[in-house]
Amino acid sequence: MSPGPGNLRPRSWLALTAVLFLGGALFLGGGLSCHRACPVARDPALVIALRMQPNQAARAQALRETLQETFAFAGALPVFPASGTWEPGPRPYLALDLVAEEREGSLEFRGRWGWIEPRHQVAWQPFELPALPPRRALEALAARVDLPLDRTALDAWLPQRPEVFWAALDLGPHPASRGRAEALARLEPPSGLLMARHARALRQALWDLPEDGRRLWEEARDWSARAVAKAPESPAALAEWAHHAIHAGEGRTVLPRLLEIQRRNPRSPDLAYLVSYAARYAGRLDLATAALDRQAALDPRAAALPPSQTARLYVGDLEGFERGLGGSSGGTWRAYGGLQRGRLALFRGDRNGARGHFQRAWEDADSHRTGRDLAGAYLAALGERPSEAPALIQGLERQRRERGLCDGELVLMMSEAAALAGDASLAQDLADQAYTEGFSCSRWFRKNPLLESLRGSQRWEGLLQRVREREALVKDLAP
């Protein structure tokens with residue numbers, strides 16, 4: 001690996017001799033601290049904070065995500081978003097504290113960078129780069145901190161035209177963006193960034209159950225397939241492709257591919273999470289939890305907020321699952337986070353606590369509709385008239401299927417709510433549908449305490465047999 005900033009890179013034997021002579025002199029002269037005087041070999045992990053003008057919060061988030069995706073793909077680095085402070089962790093990491101501005105289509109960076117290391121005060125190095133076309137600006141930023149980027153990967157991932165770069169960042173789930181993405185693709189051969197961002201926006205739009213959702217799902221899957229064809233080992237492109245393939249029941253082909261790519265890029269936390277996601281759907285909870293452990297080990301900050309830890313729930317680790325719920329606490333995913341906290345309370349036998357979480361999620365008008373509606377169904381199932389809940393669940397299921405929101409775990413949660421309401425037939429129908437939409441974890445079907453009332457029936461045993469048969473297709477996969 002190319003050395004990071006602060007590493008020794010002698011340019012001649014003469015220079016090396018001089019450095020060694022100076023080092024010996026310092027040692028003989030009194031043992032001065034070598035932390036800043038001597039180079040330290042570091043294995044870079046990158047943590048990025050980025051700000052723009054206050055009225056550009058959405059674009060700032062999109063630009064930060066693009067930086068993370070670009071460094072992760074073209075730099076093969078573990079990359080993480082900053083969590084608010086620059087506290088040292090158990091291992092050194094390279095911090096980028098950035099302010100970005102768009103200037104007539106160009107991108108200007110200024111800020112500071114430094115190594116955050118245990119037991120040492122950071123020596124921040126301020127910098128200011130000139131306004132450059134976006135791709136060149138990212139290359140200049142990487143060069144400034146001595147993190148080389150692969151040119152072939154950059155060609156696949158970043159648009160050439162500045163106007164396409166900025167428009168890709170601004171793509172959203174609304175109809176105008178869909179036409180805009182097609183128009184941008186006619187300006188130049190579509191980049192991985194453009195295709196993956198558009199696929200992601202369409203997928204997230206489905207959680208609000210738009211009337212044209214079925215068409216959106218097909219369009220999102222097409223764009224995700226094109227993105228992964230353009231950049232086959234980009235974690236961001238793979239995330240979109242894998243999501244659609246898993247929920248179409250193709251998880252047994254997704255997991256081997258992700259494992260193969262992870263072997264070539266073992267330092268990617270994003271690939272580790274994708275492996276965990278695919279493995280938990282396929283019932284390989286050993287691979288799923290090992291991938292979460294790998295992801296945690298790659299983050300150099302001890303107190304960093306972990307992402308979703310759903311695989312830990314399936315092996316009975318409620319505390320581990322709870323630690324991952326903080327990532328769904330903000331924005332349009334708040335209701336979904338509240339829904340998960342309510343389920344966790346039910347697993348612990350706290351029905352009153354569960355009602356509180358479901359109530360808050362149901363009333364969160366700014367969150368995605370599906371999370372709110374499902375929280376309302378759980379709330380009804382726990383209320384004084386649980387017989388009203390099945391109609392709510394059936395209405396949500398009808399809209400979900402008509403409008404293209406495919407998600408096996410979501411459907412299994414709907415099955416839980418139906419079982420809570422006492423409708424075993426509806427709960428079984430939904431459990432069958434969860435399998436159809438890719439969910440094949442036999443342990444969670446067997447151990448889920450909210451599905452206890454379904455166990456032992458002929459239909460339930462038939463479902464378990466199908467789940468086990470699909471699990472068997474990936475039983476020999478090794479990490």
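None of these values were measured; they are calculated from a predicted model. This chain uses plain numbering: 1 for the first residue, then up along the sequence.
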Show, in sequence, the C-alpha distance, side-chain angles and deciding distance for Gln61 and Arg64, and conclude whether the side chain to side chain donor-acceptor pair (under 3.5 Å) test is met.
CA-CA 5 Å; Gln61 178 178 338; Arg64 177 183 53 76; 5.3 Å; no
Working for side chain to side chain donor-acceptor pair (under 3.5 Å), residues Glu471 and Ser442:
CA-CA 8 Å; Glu471 273 187 339; Ser442 65; 2.8 Å; yes
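When atom types are taken as modelled, the side chain of Arg214 and the backbone of Glu211 share no donor-acceptor pair closer than 3.5 angstrom. Of the possible donor and acceptor atoms, one in the side chain of Glu188 sits under 3.5 Å from a partner among the backbone N and O of Gln160. In terms of modelled atom types and a separation under 3.5 Å, the side chain of Trp166 and the main chain of Gly105 share a donor-acceptor contact. The closest donor-acceptor contact from the side chain of Ser367 to the backbone of Ala335 lies under 3.5 Å. Using modelled atom types, no side-chain atom of Arg180 and backbone atom of Leu171 make a donor-acceptor pair closer than 3.5 Å. Side-chain atoms of Asp407 come within 3.5 Å of backbone atoms of Leu410 as a donor-acceptor pair (strictly under, hydrogens ignored). A donor-acceptor pair under 3.5 Å is absent between the side-chain atoms of Arg372 and the main chain of Ala361, judged by distance alone. Checked by atom type and distance alone, the side chain of Arg221 never pairs as donor or acceptor with a backbone atom of Ala199 at under 3.5 Å. The backbone N or O of Leu202 sits nowhere less than 3.5 Å from a side-chain atom of Gln204 that would complete a donor-acceptor pair. Side-chain atoms of Arg112 never come within 3.5 Å of backbone atoms of Leu96 as a donor-acceptor pair (strictly under, hydrogens ignored).
Considering only residues two or more places apart in sequence or on other chains, Thr310 meets the side chain to side chain donor-acceptor pair (under 3.5 Å) condition with Ser308. Here Tyr314 pairs with Phe439, Trp444 under the ring pair (Phe, Tyr, Trp, His ring centres under 6.0 Å) rule; sequence neighbours left out.
Checking Phe358, Trp362, Trp207 one by one against Tyr336, the ring-ring contact (aromatic ring centres under 6.0 Å, His included) holds for a single residue, Trp207. Results of the side-chain contact (heavy atoms from CB on, under 4.5 Å) test with Ser415 over Leu454, Asn448, Leu426, Leu450 single out Leu454 as the only residue that passes.
In this structure, Arg470 forms a cation-pi arrangement with Tyr435, its terminal cationic atom sitting closer than 6.0 Å to the ring centre and no more than 45° off the ring axis. Annotation: cation-pi pair Arg226/Trp223 present, NZ/CZ under 6.0 Å from the ring centroid and within 45° of its normal.
Checked for salt-bridge contact, Glu409 and Arg280 meet the test: a charged N lies under 4.0 Å from a carboxylate O. Ion pairing between a basic and an acidic side chain is recognised when a charged N comes within 4.0 Å of a carboxylate O; Glu322 and Arg341 show no such pairing. A salt bridge links Arg197 with Glu65: the distance from a Lys NZ or Arg NE/NH1/NH2 to an Asp or Glu carboxylate oxygen falls below 4.0 Å. With salt bridges taken as basic N to acidic carboxylate O contacts below 4.0 Å, one links Glu69 and Arg200. Salt-bridge formation is not detected for the pair Arg369/Asp208: no Lys NZ or Arg NE/NH1/NH2 atom is positioned less than 4.0 Å from an Asp or Glu carboxylate oxygen.
For the pair Ala288 and Ala279, the tightest heavy-atom approach, listed with the atom from each and the gap, is N-CB, 3.6 Å. Here the shortest heavy-atom pairing between Gly320 and Asp317 reads N-OD1, 2.8 Å. Shortest non-hydrogen contact noted between Phe80 and Arg301 is CB-NH2, 3.3 Å. Of all non-hydrogen atoms in His243 and Cys406, the two that sit nearest each other are NE2-O, 4.3 Å. Smallest separation of non-hydrogen atoms from Ala142 and Phe71: CB-CE2, 3.6 Å. The two atoms that bring Ala478 and Leu287 nearest to each other are C-CD2, 4.4 Å, heavy atoms only.
Among residue pairs with one or both ends in residues 429-443, those qualifying as salt bridge (charged side-chain N to carboxylate O under 4.0 Å, His left out) are Arg400-Glu437, Asp429-Arg459, Asp432-Arg459, Asp432-Arg466; sequence neighbours excluded.
To the nearest 0.5 Å, the span separating CZ on Arg284 from OG on Ser276 amounts to 12.5 Å. Remark: Leu255 CG to Gln262 CD distance equals 9.5 Å, nearest 0.5 Å. Rounded to the nearest 0.5 angstrom, Leu138 CG and Leu132 CG are separated by 10.5 Å. Here the CG atom belonging to Leu184 is positioned 10.0 Å from the CG atom belonging to Asp170, to the nearest 0.5 angstrom.
Side-chain contact check for Val145 versus Leu46: every heavy-atom pair is 4.5 Å or farther apart. Between Leu412 and Leu430, every side-chain heavy-atom pair lies at or beyond the 4.5 Å cut-off. For the pair Pro133/Leu107, no side-chain contact is recorded, criterion being any heavy-atom separation below 4.5 Å from C-beta on.
Atom CZ of Arg151 is surrounded by 12 or fewer heavy atoms from other residues, nucleotides or ligands within 6.0 Å.
Between His357 and Tyr378, the distance separating the two ring centers is not shorter than 6.0 angstrom.
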